[in-house]
Amino acid sequence: MKILVIGGGGREHAIVTAIAKSKKATKIYCAPGNAGIAELATCVPIGVMEFDKLVAFASENAIDLTVVGPDDPLVGGVVDAFEAAGLRVFGPRKNAAIVEGSKAFSKELMKKYGIPTAGYETFSDAEEAAAYIRAQGKYPVVLKADGLALGKGVLICNSEEEAMAGVKEIMLDKHFGTAGDKMVVEEFMTGREVSALCFCDGKNVRPMTSAQDHKRAGDGDTGLNTGGMGTFSPSPFYTDEVHEYCVKNIYEPTMAAMAAEGRPFTGVMFVGLMLTPEGPKVLEYNARFGDPETQVVLPRMENDIVDVFEACIDGRLDEVELKFADNAAVCVVLASDGYPQHYEKGLPISGLDAFKGCNDKFVFHAGTKFGEDGAVLTNGGRVLGVTALGSDLKEARANAYKATELISFANKYMRHDIGKAIDEA
Ligand code: AMP
Ligand code: GLY
């Protein structure tokens, strides 16, 4: 099969790596890809939002299967565009990707179908939102811009003053653009966070192994929110009992709810969970593989991923049993110092060759490009994801941090406490 992957980050590098192991894949393309993906796939210089060009490329090159990585094209309807051209594509249609595109939609869905989540109200008027928050008088309170905001449209406010500033930032100053036309005001929850990535075929759901992200930029969960600074898998807090509860009360009811709403979900549904003292509750839904969760989940998967993609598209996921190795993985993100704000790009990276041909450690490129002389240069805030396997989480973590030492670039920055939570398990 000729397979096209849409995207160009660490998630897509991990997806391309999994596809490259498939017996079915004869040729892989990636649009736009990056310097790491270029080792396994032919990179095509088309942007993820250039739907017409992507569809034309897939048609002209007789692509048998297209896999969509990022949220923006999914929410924008890239799957619908491929289907309209008679092309096979893995991902949710626009009317299902709305679970990520609108927080107001997903909160309402959960309320209607009794899926556990934090209590909330939705507002499209700033003054009404402010009045509601004041009347409640309960802090911290969580404010969420309705639409896509690079995972950054969530404010946790510890006082009335902070909350009023937050309402202004989201709804009046439009800090997150039109994502802030509507806003969700949500009850604050406490507990461990778990990312559950689930394959879905519109009716059936097959959860992958669990993972945990680290969203803040600094050690000890300090500093600004980022796209994710590192992950580990599995989560020791996501026990069999928690899993059973989530399958019965969250994953299966969500699939059924989407189908009942005439929005059957096909693709990967990422359920962000909070394990609260009252039980697991949904923080958010995403309509795609998580990044950097994918960099620890897929290296542990034993299935042929192309078989799983096809089963999802054909509505026969019930025939598939997902298999994950009885090991663990840790991914440490190497970022550019200054991320997520201001940072330098275009700096040469050395040490990448040390990972060539390895099956127990991987370097997934998140933001890299080729320089004129063919050298690999930094090209983003998150530059690389260094993943290592181990027989357990402690070993995987030690291996991952050892592997980070193999790589150097001038403004290399990383957290030093990825996976520290496992010491408390
Ligand atoms: P989200 O994009 O909705 O997952 O929110 C981003 C992050 O904000 C989450 O990973 C949590 O750490 C935090 N967060 C979101 N909603 C809540 C909530 N209701 N209570 C506590 N923390 C939250
Ligand atoms: N790691 C969080 C996300 O992919 O949204």
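Note that the structure is predicted; figures quoted are calculated from it, not measured. Atoms within each ligand, like the ligands themselves, are counted from 1 in listed order.
Defined by atom type and a distance below 3.5 Å, a donor-acceptor pair is missing between the side-chain atoms of D213 and T231. With hydrogens and angles left out, the side-chain atoms of T117 and K107 include a donor and acceptor closer than 3.5 Å.
Where the criterion is an N or O separation shorter than 3.5 Å, residue side chain and backbone included, R11 fails it with respect to ligand 2. Polar contact with ligand 2: present for D291 (N/O pair, distance under 3.5 Å). Ligand 1 has an N or O atom lying under 3.5 Å from an N or O atom of M189, backbone or side chain.
Minimum heavy-atom separation, D337 to Y343: O-CB, 3.3 Å. When all heavy atoms are compared, the tightest approach of V194 to S235 is CG2-OG, 3.9 Å.
Considering only non-hydrogen atoms, atom 3 (C) of ligand 2 lies nearest to R288 out of R288, H214, M229. Looking at K215, M274, K144, it is K144 that brings a heavy atom closest to atom 15 (C) of ligand 1.
The backbone and the side chain of L283 each have at least one atom closer than 4.0 Å to an atom of ligand 1 (non-hydrogen atoms only). Counting heavy atoms closer than 4.0 Å to ligand 2, residue T231 contributes nothing at all.
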Starting from the C-alpha separation in whole Å, work towards a yes-or-no answer on side chain to side chain contact (heavy atoms under 4.5 Å, CB included) for V68 and F90.
CA-CA 6 Å; V68 188; F90 175 80; over 6 Å; no

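Close approach to V154 involves these atoms of ligand 1, each under 4.0 Å from a residue heavy atom: 1 (P), 2 (O), 3 (O), 5 (O), 6 (C), 8 (O), 15 (C). Annotation for ligand 2: atoms under 4.0 Å from non-hydrogen atoms of E293 are 1 (N), 2 (C), 4 (O). Ligand 2 places these atoms under 4.0 Å from at least one heavy atom of N286: 5 (O). Counting the atoms of ligand 1 from 1 in the order shown, those under 4.0 Å from a heavy atom of K103 are 1 (P), 2 (O), 3 (O). Counting the atoms of ligand 1 from 1 in the order shown, those under 4.0 Å from a heavy atom of F188 are 20 (N), 21 (C). Below 4.0 Å from some heavy atom of E186 lie the following atoms of ligand 1, by number and element: 16 (N), 17 (C), 18 (C), 19 (N). Near D213, with a cut-off below 4.0 Å to any heavy atom, the atoms of ligand 2 are 1 (N), 2 (C). Ligand-side atoms of ligand 1 in range of E193: 9 (C), 10 (O), 11 (C), 12 (O), range being under 4.0 angstrom from any heavy atom. Of all the atoms in ligand 2, the ones that sit under 4.0 Å from a non-hydrogen atom of G290 are 4 (O).
The closest approach between any non-hydrogen atom of F270 and ligand 2 is below 4.0 Å.
Note: Y251 and H243 have tilted aromatic rings, judged against thresholds of 30 and 60 degrees for the angle between ring planes.
Rounding to the nearest 0.5 Å gives a distance of 6.0 Å between OG1 of T294 and CG of D291.
For F57 and Y29, the distance between ring centers is under 6.0 angstrom. Ring centroids of F232 and H214 are separated by less than 6.0 Å, placing the two rings close together.
Relative to the six-membered ring of F199, R206 misses at least one condition, a distance below 6.0 Å or an angle of at most 45° to the axis. Relative to the ring axis of Y120, K111 places its NZ or CZ within 45° and under 6.0 Å from the centre.
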